[in-house]
Amino acid sequence: MSETEKKVPNPCVGVCALDENDLCIACQRSGMEIAEWGVFTNEEKLQVWEKIKRREKGEIIK
């Protein structure tokens with residue numbers, strides 16, 4: 001089974017609060033990424049995970 005065929009875990013930790021940059025203070029997703037998570041393909045979800053990792057390192061904001 002390839003990476004994109006596996007179920008991609010939801011990064012939500014149950015603390016939904018968006019900061020001034022429209023990012024959740026807990027999971028680091030944007031409001032739009034949170035809203036659309038349920039309709040994203042596995043590939044799109046993996047792309048969001050990559051953005052989360054970069055946000056946590058301070059490399060990107062959006």
Sorted by first residue and then second, give each salt bridge (charged side-chain N to carboxylate O under 4.0 Å, His left out) pair with at least one member in residues 23-39; sequence neighbours left out. E33-K51, E33-R55
E59 meets the salt bridge (charged side-chain N to carboxylate O under 4.0 Å, His left out) criterion, sequence neighbours left out, with R54
Is there a continuous path of hydrophobic side-chain contacts, each under 4.5 Å between heavy atoms, that joins L46 to W37? yes
Pair E56 + K53: basic N to acidic O under 4.0 Å: no
For P11 and C27, work out which heavy atoms get closest and say how close. O-CB, 3.4 Å
Quick one: does C24's side chain get under 4.5 Å of I34's, heavy atoms only? yes
Just by distance, do the side chain of N21 and the backbone of L23 share a donor-acceptor pair under 3.5 Å? no
Would you say F40 and I52 are hydrophobically clustered, going by side-chain heavy atoms of ILVMFWY under 4.5 Å? yes
CD1/I60: more than 12 non-hydrogen atoms of other groups inside 6.0 Å: yes
Sorted by chain and number, sequence neighbours left out, side chain to side chain contact (heavy atoms under 4.5 Å, CB included) with E20 holds for none
